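Below you'll find the structure, written out as structure tokens, and then a few comments.
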2 protein chains.
Amino acid sequence: MQISKNEQDYIKSIFKLQADGSVSTTALSEHLHLKAASITDMLKKLADKKLVSYKKYQGVTLSTKGEKLALELIRKHRLWEVFLVEKLNYKWDEVHAIAEQLEHVEGLDLINRLDKFLGLPKFDPHGDPIPNEKLVLTKQNLSQLGKITKPGKYQVSMVNQDNPSFLQYLTKLSIKIGDIIKLHELITFDGSLNISINNSTSIFMSNTVANGIYVYKLNN
Amino acid sequence: MQISKNEQDYIKSIFKLQADGSVSTTALSEHLHLKAASITDMLKKLADKKLVSYKKYQGVTLSTKGEKLALELIRKHRLWEVFLVEKLNYKWDEVHAIAEQLEHVEGLDLINRLDKFLGLPKFDPHGDPIPNEKLVLTKQNLSQLGKITKPGKYQVSMVNQDNPSFLQYLTKLSIKIGDIIKLHELITFDGSLNISINNSTSIFMSNTVANGIYVYKLNN
DNA sequence: ATAATTTTTTAGGTTAGTCTAAATTTTTAT
DNA sequence: ATAAAAATTTAGACTAACCTAAAAAATTAT
């Protein structure tokens with residue numbers, strides 16, 4: 001059975017939104033920028049193809065098969081992003097739309113060859129983990145910088161990739177994956193932060209920006 | 001104005017078939033494996049978009065705009081083929097279907113970056129010339145090995161890429177782009193040839209196979 | 001030159017994926 | 001507990017790209 005590009009996009013969205021429990025028609029409608037009626041239509045088709053489990057008025061969840069497909073797409077998307085950044089010298093804010101197309105390219109063994117060519121990378125340019133050939137996705141235990149309550153040393157491990165201008169702003173601040181952030185002070189009033197990056201002069205950062213940065217706590 | 005993947009496929013076919021003069025509905029129908037009625041429909045749309053010039057019952061020719069698009073697609077296709085063979089170690093008979101998909105991927109500057117990454121190759125894995133960044137396609141003056149009338153030394157410069165099993169057969173004969181073929185004898189009866197490749201022991205080759213090999217005459 | 005054949009177009013229908021508007025179900029607020 | 005609001009589904013329509021069958025035009029053969 002073949003699954004269209006559009007169907008694949010639904011599966012990816014459901015995967016992304018299904019953090020806890022089932023995904024509502026409205027949530028999908030907003031995420032895909034389509035009308036709710038269109039979502040209902042498609043969910044029926046996806047259910048017919050056993051990619052999701054769907055009961056009227058009760059939202060949708062991925063089946064095992066649907067989840068496998070989602071992980072394949074995520075693997076493809078992230079590996080192509082690595083290719084675009086590492087090999088074609090794109091910036092991290094430029095690759096999403098292109099990878100969105102490349103992830104739908106099919107070919108015997110293509111993605112595993114690409115994986116090997118890239119040196120079996122574990123993370124994409126934004127720090128998101130790449131599912132391995134067995135589609136195992138290893139999640140790290142990270143915190144949003146904006147939610148942290150104690151001053152200390154943290155390592156930038158992942159950034160929110162949904163907004164190119166956010167990524168451009170991080171570039172302007174010269175914040176990259178792997179950087180060490182020292183959190184000096186928390187302003188409780190508005191959640192903004194006083195930090196320094198890789199031991200350079202300290203800067204202020206809004207809570208909004210800090211929430212797009214995921215960090216790993218270092219032991220000193 | 002945006003041009004769909006399907007429209008692009010028509011443009012490529014017209015380019016390929018338009019060797020001399022205009023292309024007939026039937027020729028396109030066979031090349032694209034679609035019914036003639038569908039071709040007529042689409043030609044009207046392509047004419048509306050100024051990609052072709054089309055008059056009822058008189059076949060179709062590409063406009064300047066259509067020709068530019070065709071060359072862009074050929075450039076993309078051939079560069080992706082180089083990528084697949086050079087970087088991902090595919091064989092020359094395995095890349096066509098994947099490149100067919102990759103050629104439709106759009107992205108600012110993508111193909112020029114790929115071109116640079118690959119070292120500005122002049123030919124694809126089958127020896128077809130790659131249009132440069134200005135879309136100039138330099139054609140070589142080659143002959144089909146099966147049409148040659150005089151014994152002598154020739155260089156394999158291009159092979160017919162339409163048939164994977166033909167390419168596999170060439171691989172079995174260990175014939176590659178750049179190889180030197182010595183044509184010892186022509187059998188006029190059936191057009192078959194007695195040749196040797198890179199000075200190894202001589203072999204016979206059918207006229208059919210020889211016609212899929214394009215060669216350049218060497219001076220001795 | 002006309003009849004037969006082939007090519008091409010037209011007319012009307014199908015499917016995937018979207019839409020709007022209306023109907024229905026669920027949730028929330030009183 | 002019921003009314004109002006929100007979410008969801010149904011019904012019917014649209015577009016792109018295909019199809020079949022029939023009509024029309026062009027070509028070929030007698």
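Every chain is numbered from 1 and lettered A, B, ... according to where its sequence line falls, protein lines coming before strand lines. Remember, predicted model here, so these are calculated numbers, not experimental data.
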Test side chain to side chain donor-acceptor pair (under 3.5 Å) applied to B:Lys76 - qualifying residues, sequence neighbours left out: none
Please enumerate all residues that pass side chain to side chain donor-acceptor pair (under 3.5 Å) together with B:Thr208, with sequence neighbours excluded. none
Kindly write out the residues that satisfy side chain to side chain contact (heavy atoms under 4.5 Å, CB included) with B:Leu110, not counting sequence neighbours, or none if the list is empty. A:Leu84, A:Leu88, A:Tyr90, A:Ile98, B:Trp80, B:Val105
Could you list by number each residue of residues 2-17 of chain A showing a heavy-atom separation from DNA chain D of less than 4.0 Å, or answer none if no residue does? none
Contact interval (first through last nucleotide) of DNA chain D with protein chain B, 4.0 Å heavy-atom: D:dA16 to D:dA26
Give B:Thr25 one of three labels, base, sugar-phosphate or nothing, depending on what nucleic acid heavy atoms sit under 4.0 Å from its own. sugar-phosphate
Residue set satisfying side chain to side chain contact (heavy atoms under 4.5 Å, CB included) with A:Pro121, at least two apart, ordered chain then number -> A:Leu79, A:Val82, A:Asp115, A:Leu118, A:Ile130
Which residue, B:Lys44 or A:Ala36, contacts DNA chain C at a nucleotide closer to its 5' end, judged by nearest heavy atom? B:Lys44
Return the set of residues passing side chain to side chain contact (heavy atoms under 4.5 Å, CB included) with B:His31 (not counting sequence neighbours), or none when no residue passes. B:Ser13, B:Lys16, B:Leu17
Heavy atoms from other residues, nucleotides or ligands near OH of A:Tyr216 exceed 12 (cutoff 6.0 Å): no
Per the side-chain hydrogen bond (donor to acceptor under 3.5 Å, both in side chains) rule, what does the pair list look like for residues 32-41 of chain A, sequence neighbours excluded? none
When rounded to whole Å, the CG to P distance for the pair A:Asp41 and C:dT20 reads 13 Å
Round to a whole Å and report the spacing from CE of A:Met42 to P of C:dC19. 11 Å
What is the separation between atom CG on B:Leu43 and atom C1' on C:dT7, rounded to the nearest whole Å? 14 Å
Under the side-chain hydrogen bond (donor to acceptor under 3.5 Å, both in side chains) definition, can you give me all pairs with a residue in residues 130-145 of chain B, not counting sequence neighbours? B:Asn112-B:Glu133, B:Gln144-B:Lys147
Side-chain N or O of B:Thr40 closer than 4.0 Å to phosphate OP1/OP2 of C:dT9: yes
Could you tell me if B:Ser4 and B:Asn6 have a donor-acceptor pair between their side chains, going purely by distance under 3.5 Å? no
How long is the line joining CD of B:Glu30 and P of C:dT6, in whole Å? 14 Å
Among residues 46-63 of chain A, which residues get a heavy atom nearer than 4.0 Å to DNA chain D? A:Tyr54, A:Lys56, A:Tyr57
Residue list, side chain to side chain contact (heavy atoms under 4.5 Å, CB included) with B:Lys122, at least two apart or on another chain: none
At 4.0 Å (heavy atoms only), tell me whether B:Ile39 reaches a base, stays on the sugar-phosphate, or touches nothing. nothing
Taking side chain to side chain donor-acceptor pair (under 3.5 Å) as the test, write out the residues that go with A:Lys65, two or more places apart. none
